[in-house]
Visitor: 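Got a structure for you, written out below as structure tokens; questions coming shortly.
For reference, positions follow the sequence shown, starting with 1. Start at 1 and go down the list; that is how both ligands and their atoms are numbered.
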Amino acid sequence: MYREITRHLEFENKLLCAFRQSEFYVVFQPQYYTENKRLAGCEVLMRWKDTEGMISPGKFIPVAEEIGLIVQMGEWVLREACRVKKKLPVDLMMSVNVSSVQLMTPGFTKMVEKILKEYNVKGEEVELEITESVLISSFETVLDILKELKRMNVRVAIDDFGTGFSSLSYLWKLPIDTLKIDKSFIDDIHTNSNKRRLVDTIISMSHDFSMRVVAEGVENIVQLNYMKESKCDIIQGFLWGRPVEENEYIKLC
Ligand code: G
Ligand code: G
Ligand code: MN
């Protein structure tokens, strides 16, 4: 146990130093309109390259949340997104992940407003991705935050939709622009008819509520064709585009 705690503390320390020493960078995963493969925008994703290699966000983000560093990290990611956005030849949406810890930090919306103003980026060109779980745990607070974001025209997406037991009756009460269907639904869509029916229902209900739908993790043609048939608006996945670095993304635009 002692060794376990020491290792954890060492990792926390390494993470803090790495952030101060700018070992982090962001990549951009393109999102395309399903019907014509035109570029719709991208999701901005954090990466950490350490002297020994890549460390996955799945490993460092929970630790960054634990020590509160995620607040500064999230702010930095939004800045990076805006900085690169200004370099693009066309106006395209950028989606940025927001941790529940960051969302619930007092002053969150003020911070977003300040950064958008600093870079002269319009609210409607930025989408913040939040997870379902934060909606359930603190509905009223989140509702106020989302209303404030709406006032700034900032878009909101629900990430990993379908994994968090969110109650639909809650979901429709919130000002949400986009649902991102979790990759686990897309993975076996061609073999699992229950998931297929679920995905169809999610898409048609979302459209009834004027939300757009993004399918995450589309890796093959069969999945793509299925999402086309189901009228899913946008595709994000390795089939059409892996996350790429800044210069490569600029070339795609
Ligand atoms: O990019 P990758 O598939 O390795 O990402 C794994 C997880 O890390 C995803 O759930 C993704 O949402 C999360 N993630 C990636 N970048 C960021 C970020 O900038 N902020 C937050 N909060 N999560 C991120
Ligand atoms: O949880 P979130 O939606 O933020 O996670 C996005 C992550 O999913 C990205 O880090 C990206 O690397 C990963 N991803 C995107 N498309 C695919 C895909 O087609 N296959 C796999 N395995 N991962 C993907
Ligand atoms: Mn995401």
Visitor: For Asp159, what is the atom name of its N, O or S atom nearest to the Mn ion (ligand 3)?
Guide: OD2

Visitor: Mark the output for Arg242 as yes if a heavy-atom distance to ligand 2 is under 4.0 Å, and as no if none is.
Guide: no

Visitor: Minimum heavy-atom separation for Lys86 and Val121, please, with both atom names.
Guide: CD-CG2, 3.8 Å

Visitor: With a cut-off of 4.0 Å, which atoms of ligand 2 are near a heavy atom of Gln29?
Guide: 11 (C), 15 (C), 16 (N)

Visitor: Does atom 8 (O) of ligand 2 have a protein heavy-atom neighbour under 4.0 Å away?
Guide: no

Visitor: How close do Ile70 and Ser99 get, counting heavy atoms only, and between which atoms?
Guide: CG1-CB, 3.6 Å

Visitor: Note the single closest protein heavy atom to atom 5 (O) of ligand 1, along with its residue, its atom name and the distance in Å.
Guide: Pro57 CG, 3.7 Å

Visitor: So which heavy atom in the protein is nearest atom 21 (C) of ligand 1, and how far is it from that ligand atom?
Guide: Asn97 CB, 3.5 Å

Visitor: Report the part of Arg47 in contact with ligand 1, treating N, CA, C, O as backbone and CB onward as side chain, heavy atoms under 4.0 Å; options are side chain, backbone, both, neither.
Guide: side chain

Visitor: Determine if the distance from atom 13 (C) of ligand 2 to the closest protein heavy atom is below 4.0 Å.
Guide: no

Visitor: In the protein, which heavy atom is nearest to atom 16 (N) of ligand 1, and how far is it?
Guide: Met46 N, 3.0 Å

Visitor: For the residue pair Phe24 and Phe60, is the inter-centroid distance of their aromatic rings smaller than 6.0 Å?
Guide: yes

Visitor: How far apart are the closest heavy atoms of Asp188 and Phe185, and which atoms are they?
Guide: OD1-O, 4.0 Å

Visitor: Quick one: which ligand 2 atoms are inside 4.0 Å of a heavy atom on Gly237?
Guide: 16 (N), 19 (O)

Visitor: Distance under 4.0 Å to a non-hydrogen atom of Val77: what atoms of ligand 1 satisfy this?
Guide: 19 (O)

Visitor: Do the non-hydrogen side-chain atoms of Phe28 and Leu252 ever get within less than 4.5 Å of each other?
Guide: no

Visitor: Could you identify the single nearest non-hydrogen protein atom to atom 22 (N) of ligand 1 and state the distance to 0.1 Å?
Guide: Ser99 N, 3.6 Å

Visitor: Relative to ligand 1, is Ile61 under 4.0 angstrom through side chain, backbone, both or neither, heavy atoms considered?
Guide: side chain

Visitor: If the test is side-chain hydrogen bond (donor to acceptor under 3.5 Å, both in side chains), which one of Arg242, Gln236, Glu216 qualifies with Gln29?
Guide: Gln236

Visitor: Check whether any N, O or S atom of Glu129, backbone or side chain, sits closer than 2.8 Å to the Mn ion (ligand 3).
Guide: yes

Visitor: Taking the basic N atoms (NZ, or NE/NH1/NH2) and the acidic carboxylate oxygens, is any pair closer than 4.0 Å for Glu113 and Lys117?
Guide: no

Visitor: With the threshold set at under 4.0 angstrom, would you say Lys180 reaches ligand 2 through any of its heavy atoms?
Guide: no

Visitor: In terms of ring plane angle, is the pair Trp48 and Phe11 parallel, tilted or perpendicular, where the classes change at 30° and 60°?
Guide: tilted

Visitor: Of all the atoms in Glu43, is at least one N, O or S atom closer to the Mn ion (ligand 3) than 2.8 Å?
Guide: yes

Visitor: Which ligand 2 atoms are under 4.0 Å away from a heavy-atom of Asp160?
Guide: 1 (O), 2 (P), 3 (O)

Visitor: Do Leu224 and Ile235 make a side-chain contact, defined as non-hydrogen atoms from C-beta onward lying under 4.5 Å apart?
Guide: yes

Visitor: Under a 3.5 Å cutoff, is there a donor and acceptor pairing between the side chains of His207 and Asp233?
Guide: yes

Visitor: Would Gln236 count as a polar contact of ligand 2, with the cut-off being nitrogen or oxygen pairs under 3.5 Å?
Guide: no

Visitor: Write out the residue and atom name of the closest protein heavy atom to atom 20 (N) of ligand 2, then the distance separating them to 0.1 Å.
Guide: Glu219 OE2, 2.5 Å

Visitor: Before accepting this row, confirm whether a basic side-chain N of the pair Glu43/Lys180 lies closer than 4.0 Å to the acidic partner's carboxylate O.
Guide: yes

Visitor: Got more than 12 heavy atoms from elsewhere within 6.0 Å of CD, Glu35?
Guide: no

Visitor: Decide whether the shortest distance between a heavy atom of Glu65 and an atom of ligand 1 is less than 4.0 Å.
Guide: no

Visitor: If I compare all heavy atoms of Arg47 with all of Pro243, which pair ends up nearest, and what's the gap?
Guide: NH2-CG, 4.0 Å

Visitor: Among protein heavy atoms, which sits nearest to atom 19 (O) of ligand 2, and what does the distance come to when rounded to 0.1 Å?
Guide: Phe238 N, 2.8 Å

Visitor: With heavy atoms only and a cut-off of under 4.0 Å, state how Leu45 meets ligand 1: side chain, backbone, both or neither.
Guide: both

Visitor: Could you tell me whether the side chain of Glu80 reaches within less than 4.5 Å of the side chain of Met46, counting heavy atoms only?
Guide: no

Visitor: Which of the atoms in ligand 2, numbered in the order shown and given with their element, are less than 4.0 Å from a heavy-atom of Val218?
Guide: 19 (O)

Visitor: Quick one: look up the protein heavy atom nearest atom 3 (O) of ligand 2 and list residue, atom name and how far away it is.
Guide: Glu216 OE2, 2.4 Å

Visitor: Could you confirm whether Asn97 has any N/O/S atom lying under 2.8 Å from the Mn ion (ligand 3)?
Guide: yes

Visitor: If you apply the rule salt bridge (charged side-chain N to carboxylate O under 4.0 Å, His left out), what do you find for Arg83 with Glu246, and how did you get there?
Guide: CA-CA 10 Å; Arg83 179 183 65 75; Glu246 178 177 330; 2.8 Å; yes

Visitor: Just need the protein heavy atom nearest to atom 2 (P) of ligand 2, so name the residue and atom and give the distance.
Guide: Asp159 OD2, 3.5 Å

